[in-house]
Amino acid sequence: MNDGLTDLYQEVILDHSRNPRNFGAAEEADRSARGNNPLCGDRVTVFLSLDGEEISEAQFDARGCAISLASASMMTEMIKGKSIEEAKALFEKFHALVTGENGIGAGPDLAELETLSGVKDFPTRIKCATLAWHAMIAALDGTDEDVKTE
Amino acid sequence: MATNPDNALRSPGFDVERVRQDFPILSEEVYGKPLVYFDSGASAQKPRAVIDAISTVYETEYANVHRGVHYMSQKATDAMEAARETVRAFINARDIREVIFVRGATEGINLVASSWGRQNLSEGDEIILSVMEHHSNIVPWQLVAEQTGAQLKVVPISDDGALDMDAYAALISDKTKIVAITHVSNALGTIVSVEEIIRIAHEKDVPVLLDGCQAAPHMALDMQALDVDFYVFSGHKIYGPSGIGVLYGKAELLEAMPPYHGGGEMIDVVTFEKTTYADLPFKFEAGTPHISGIIGMGAAIDYINALGLKNIAAYEHDLLEYGTAKLSEINSLRIIGTASAKAAILSFVLETVHPHDVGTILDREGIAVRTGHHCAQPVMDRFDIAATIRASIGMYNTREEIDSLVAGLGRVQEIFG
C-alpha cells in the first residue's frame, strides 16, 4: 500500500523513536531551551554545551510523537562536534527537506536526516519534525522564552 | 444501499442510512477511501436542510435585521426571530428574551465572566470549576479573577472521569459566588450530574453556568426543569453553522448585568452624555448579528427535532457501547474516561504509539479523529498523558465505521510493530 505511511515511518525513524539517542536532561549543560507544540501538547528541551564555537555536547528531553522524537534524536547526533554556524546551516537544509521547499542541494550532508523527507507529504506533521530544531536554535541564540511552533 | 437490520432493531425510530443521505459531505472520499468522520465533538457535519436554509437566506430573504422599514429587512428579521423561538423551544426556556445569540459557547462564557463577573466578584470570592473543563470554561474565569481578585477552586475527578461530588459539596462555601461546570466533558464524555450540581449550589444561592457544547447534540435540554442560571452551546456542534451559538440566562440575571459589547442594536437612546440600553435580548447583541448563521442554526434544530433527540440519543448510546466493547478488545489500548454516565466520546491511548502518529495513520485510511489535548490540558495532566485519540460520535456514524476504526488501529500496530 503506497499511501506515504511507509515512507513516513521508516524503520530507522521507528528505531530512533523507540531508543532515542542522547536522551535525558543534562543539568550541567551550558545552554538549554524548551519547545512546545500547543496544538498537540508535545514538549522538548534541548541541552547544549559549547567549547568555544563548537557544540561539544547535545542532549534532549521530550515527550512527543515518533516523528518529533526521531528528529530530535538524529539532530543531537548530527550537531555534536559541529560549529554553531554549521548547526544553523544544517537546520536550514533540514527545514527545506521536511517542508519540501526548493533550495535543497548545496549545503551540509543531511545523512540519516534524509529519512525524514517523507514528512513533506504530511503538512500537519512538519511542526513535529522541526520542534527540537527550533529549540536548538533558541538555545544557541540564548533566547529565554519558550519556543512555540509557529 | 442496504440498511443494517441490527441498527433498525435497536433504534426503531432511527434510520441511520436515511440520515447519512442527508449529509452531502459523507459521500466524499479521502485518499480514495470513504470518509469516516469521528470528529463531531470538534464540529459536526451539516445536513442538506441547513445548507439549503443558509442559501435561501441569501437568495430570497437577506437584508440587515431590526433596522430597515423595507420588505427584505422585515423578512430577514422575521426569519431570525423565528429561529430565536426555535432555540427557546429547543431548550425550553421560559421567554425568548432569555435567548442571546453569541458567536459560540466561548463568547457566551466570556460574556458572563466579564459582565456578570466584574459586577459581582471581588477580592476573596471564589469561582468553582471542574478539572475537566474545556479551556473556554477556564480562561475567561482566570481573566476575570485577575481583574477582581477572585480565586478559582477546582473540583477533582475520579480515575474513571466522574466528577467528585463530595469534593464539590465540600468546596461550596459562603465565599462561592458562581459555579461554572461542563454538562458533558469534551475530552472524556462524562455526563455530569448537573441536577445535583445545581441543587447544591442553589442551597447557598450560588448561580450555576453550564457549558452545554457536548450535551446539546446528544440529549434533550430543559432550562426550566434544570433551573440552571446560565447555559451555553455552539451552533456548529448541533449540525448548524460555525460562528453562532447561544447563551441562555435567566431574565432577572441578564437584566441586572451591564452590556458586554457596545454598538448598534443594543441601544435605546444614544447621546454623547449618556446612552440607555435596549431590552433583552438585544442589550447583549451589539452589531449586525450572524443572520444566516442564526437561521441555519434554527434549521439544524428543526432537523434534530424531526428525528427526535431521544431517538438520536438511543442510537448514539448503542454505538458508544459497541465502540467501547470493540476498542476494549485491543490489548495495548486504554480508554480514558470510563464513567458510568457517558455520551458520544471514545477517548483512548495506545501503550506504545503516540496519538499524533495514530491520527496520521488513521487519516490515510480516511478516518477523521481528533488527537491532542482537546483544549483540556488539565484533564491530560490528571491522567498524566500528553494527549489522547478521540473518536467522537455523531448521529450519522455506524457500527461499520467503528469496525473501520478498529481496522485502522490494526494498521497502526502493523506499522509500529
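Within every chain, numbering begins at 1; the chains are lettered A, B, ... in the order of the sequence lines, protein sequences first and strands thereafter.
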Open item on the list: Can you confirm whether A/Leu69 sits close enough to B/His354 that some side-chain heavy atom of one is under 4.5 Å from a side-chain heavy atom of the other?
Closed with: no
Task: A/Phe122 and B/Thr360, any side-chain heavy atoms less than 4.5 Å apart - done: yes
TODO: Supply the atom-to-atom distance A/Asp3 CG to B/Arg411 CZ, rounded to the nearest 0.5 angstrom.
DONE: 4.5 Å
Task: Which atom of A/Arg63 lies closest to which atom of B/Ile385, heavy atoms considered - done: NH1-O, 4.3 Å
Open item on the list: Please find the pair of heavy atoms, one from A/Ala66 and one from B/Asp357, that lie closest to each other, and give the distance.
Closed with: N-OD2, 2.6 Å
Open item on the list: In the structure I gave you, are the side-chain heavy atoms of B/Arg364 and A/Leu8 within less than 4.5 Å of one another anywhere?
Closed with: no
Task: Atom CG of A/Asn19: over 12 foreign heavy atoms under 6.0 Å - done: yes
Task: Cationic N near anionic O, under 4.0 Å, B/Asp363 to A/Arg125 - done: no
Open item on the list: For the CZ atom on B/Arg334, are there more than 12 heavy atoms of other groups (residues, nucleotides or ligands in this structure) within a distance under 6.0 Å?
Closed with: no
- [ ] Give the minimum heavy-atom separation between A/Leu14 and B/Ile415, together with the two atoms involved.
- [x] CD1-O, 3.2 Å
